[in-house]
Structures are given as C-alpha cells and as structure tokens.
Amino acid sequence: MHVSLYMQTGIVTRRLLSASPETVAPRLLGAVLESTVHGERVSVRITEVEAYGGAGEDPGSHAFRGQTPRNATMFGPPGHAYVYFTYGMHWCANVVTGPEGSASAVLLRAGEIVEGIEVARARRPSARSDRDLARGPARLTTALGVTGEHDGADLLGDASPLRLFLPSRPDPVVVVGPRTGVAGPGALTPWRFATDHPTVSPYRPASRRSP
DNA sequence: CTCGAGATGGCCT
DNA sequence: GGCCATCTCGAGT
C-alpha cells in the first residue's frame, strides 16, 4: 500500500472523525483498516459504509434509547472501534464518530482485501470468491479476525491491533441511499455510502425481509 | 441472478 | 418473548 497517501498522525484523523457520522461516512471510502490478530496481518480497503446517529436522534441506531452496556463505546471518544454481536453468531464493526458523548458511529459494511489475503481466505472458507471475503459487515470482521475483544480499541494507536488509515483523497461516492438493515422510522434516511467496487454488498431494504 | 428458510444467542422491554 | 445494523445453503428463474 502507498503509505504516503495515508494520513499517519492520529491527532489530525481524530479531529476529522469528531464530525457527524454522515460527514465522516463518505470520507471512510478508500480508508484502510489493518488488523493484527495472533501475529497475522490483514488489511481491507473500505468500499461501503452506513452512518448511525446518537441518542434520541436516529431510531435505527443502537444508541437511540440511550446508553447500555453493549453500546457504551458509542458514547466514548471518536476513533475507537464499536464492535457488537448480533444474530447469535456475527460480529459487526463501527468507527465511533462525533465528539465524546454524542454516540454516533459508522458501520463498516464491505471492503476489498489488500493485504493478507491468504489469512483472510483461511478465515472465510465459505467465500466463493475473493470478492466475497469482506463483502458484508460480518464477513468483513471475520476476514479481519475482529471480535468483541476489539470493542473499544483505539483505531489511531500505533500499537493497536486495529488501525485505521484515512485517505487524503477518499474514493468517489457513487451510491447514496437508505441503510440496508434498518426498518421503521428512519429507514429511508440516505445514510448508506458506497463506491462502485464489486465488493459492495447487495442492497436489500429492511421491508422486503419482514412481510 | 433471486428467493426463502434456518441457524443461534444476547439484548432490552 | 420478540427482535435483531447477518450469513449460508439449496432451489428456482
């Protein structure tokens, strides 16, 4: 990867991430998330994200009804990972955004493996092709080896097992639309952003899955 | 490609 | 008890 294209100083990146989630979300397209788990390194270039608002603001957000043990990381400072368990078997990863206390975040929905593809393949044996390795939020965490242990990890720490590198020039946004798994009020808020890369996950409105 | 169904358990009311 | 910010597999178009 071309390191010179990525901002390295945490203080600059942290300030960018303290903006609102819908502002930060498109800036994460083209960002690289690097994991070091059990000594093995895998990196993904982010191709699809969704923004989630804070307490009392966004009915689709985990933070909507206030702080709980699960969503506590969302209420912390920006630039940390909010990792949660869902459907009894999957982990999903977010970048916490906004100032401390605002409880907003950006869900990482899909990416392209740019480093450690052999490790990613071993972690995702059901993937039919390399483009499916990190196509989908739970597939992305599986490929990276991300679990609940990473909840709260500082993405901007030099020695962190999870590190985020923002591009000085984000990839172009070619898809803006409603979020994928969100039903009810707020379902139509256009807070899903994606590039045109083939790893972008198929779009399924929540209403189609709940008759 | 699309669709439907089952897996599987934590979280919150 | 009901609801999940999902994935996989098999079968159909």
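Just so it is clear: chains get the letters A, B, ... in the order the sequence lines come, proteins before strands, and each one is counted from 1.
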Handout entry: Nearest listed nucleotide, side chain of A:S61, among C:dA5, C:dT6, C:dC9
Key = C:dA5
Problem - Nearest-angstrom distance from the residue atom OH of A:Y82 to P of B:dC11 - result: 10 Å
Completion exercise
Between A:T147 and A:V83, the two heavy atoms sitting closest are O-CG1, 3.5 Å
Handout entry: Distance, rounded to the nearest Å, where A:W91 contributes CH2 and B:dT8 contributes C1'
Key = 13 Å
Practice task
Using a strict cut-off of less than 4.0 Å between a Lys/Arg side-chain nitrogen and an Asp/Glu carboxylate oxygen, indicate whether A:D130 and A:R121 qualify as a salt bridge.
Solution key: yes
Exercise for the section: Check every strand shown and say whether A:R128 touches a base, only sugar-phosphate, or nothing at a heavy-atom separation below 4.0 Å. Expected result: nothing
Fill in the blank from the handout: Pairs under 3.5 Å (Watson-Crick or G-U), crossing ones as [ ], inter-strand ones as |: DNA chain B comes out as |||||||.||||.
Handout entry: Note: A:D171-A:R27 ion pair, threshold 4.0 Å (strictly below)
Key = no
Practice task
Classify the side chain of A:Y84 versus the base of C:dA5 as yes if they form a donor-acceptor pair under 3.5 Å and no if they do not.
Solution key: yes
Problem - Minimum heavy-atom distance between A:G54 and A:E57, given as atom pair plus value - result: N-OE1, 2.9 Å
Practice task
Could you tell me whether A:E50 and A:R179 have a side-chain N and a carboxylate O separated by less than 4.0 Å?
Solution key: no
Completion exercise
note: A:F193, atom CZ; C:dA5, atom C1'; distance rounded to Å ~ 15 Å
Exercise for the section: Please check the phosphate of C:dC7 (OP1 and OP2 only) for any side-chain N or O of A:R135 closer than 4.0 Å. Expected result: no
Exercise for the section: From the options C:dA5, B:dT13, B:dA7, select the nucleotide whose nearest atom is closest to the side chain of A:M89. Expected result: B:dA7
Completion exercise
A:G98 and A:S104 have their tightest heavy-atom pair at N-OG, 3.8 Å
Practice task
Find the distance A:R123:CZ to C:dT8:P and express it as a whole number of Å.
Solution key: 16 Å
Practice task
For C:dT6, take OP1 and OP2 only and decide whether either is under 4.0 Å from a side-chain N or O of A:R179.
Solution key: no
Handout entry: A:D151 and A:T73: side chain donor to acceptor below 3.5 Å
Key = yes
Problem - Distance below 4.0 Å between A:T86 side-chain N/O and C:dT6 OP1 or OP2 - result: no
Exercise for the section: For A:H62 and C:dA5, give me the distance from atom NE2 to atom C1', rounded to whole Å. Expected result: 5 Å
Handout entry: Whether A:Y87 stacks on the six-membered ring of B:dA7 base, 5.5 Å and 30° limits
Key = no
Problem - Flag for A:T195-A:H197: side-chain donor and acceptor within less than 3.5 Å - result: no
Problem - Close residues, residues 94-111 of chain A, relative to DNA chain C [heavy-atom separation under 4.0 Å] - result: A:N94, A:L107, A:R109
Problem - Among C:dT6, C:dT8, B:dC1, the one nearest A:S126 by side-chain distance - result: C:dT8
Practice task
Using atom CH2 of A:W191 as one end and atom P of C:dA5 as the other, report the distance to the nearest whole Å.
Solution key: 16 Å
Handout entry: Length of the CG-P vector between A:N71 and C:dA5, whole Å
Key = 12 Å
Handout entry: Sub-6.0 Å ring centroid separation between A:H62 and A:Y52
Key = no
Problem - Side-chain donor/acceptor of A:R14 to backbone N/O of A:P78, under 3.5 Å - result: yes
Practice task
Nearest whole angstrom, please: distance from the P of B:dC12 to the CZ of A:F85.
Solution key: 14 Å
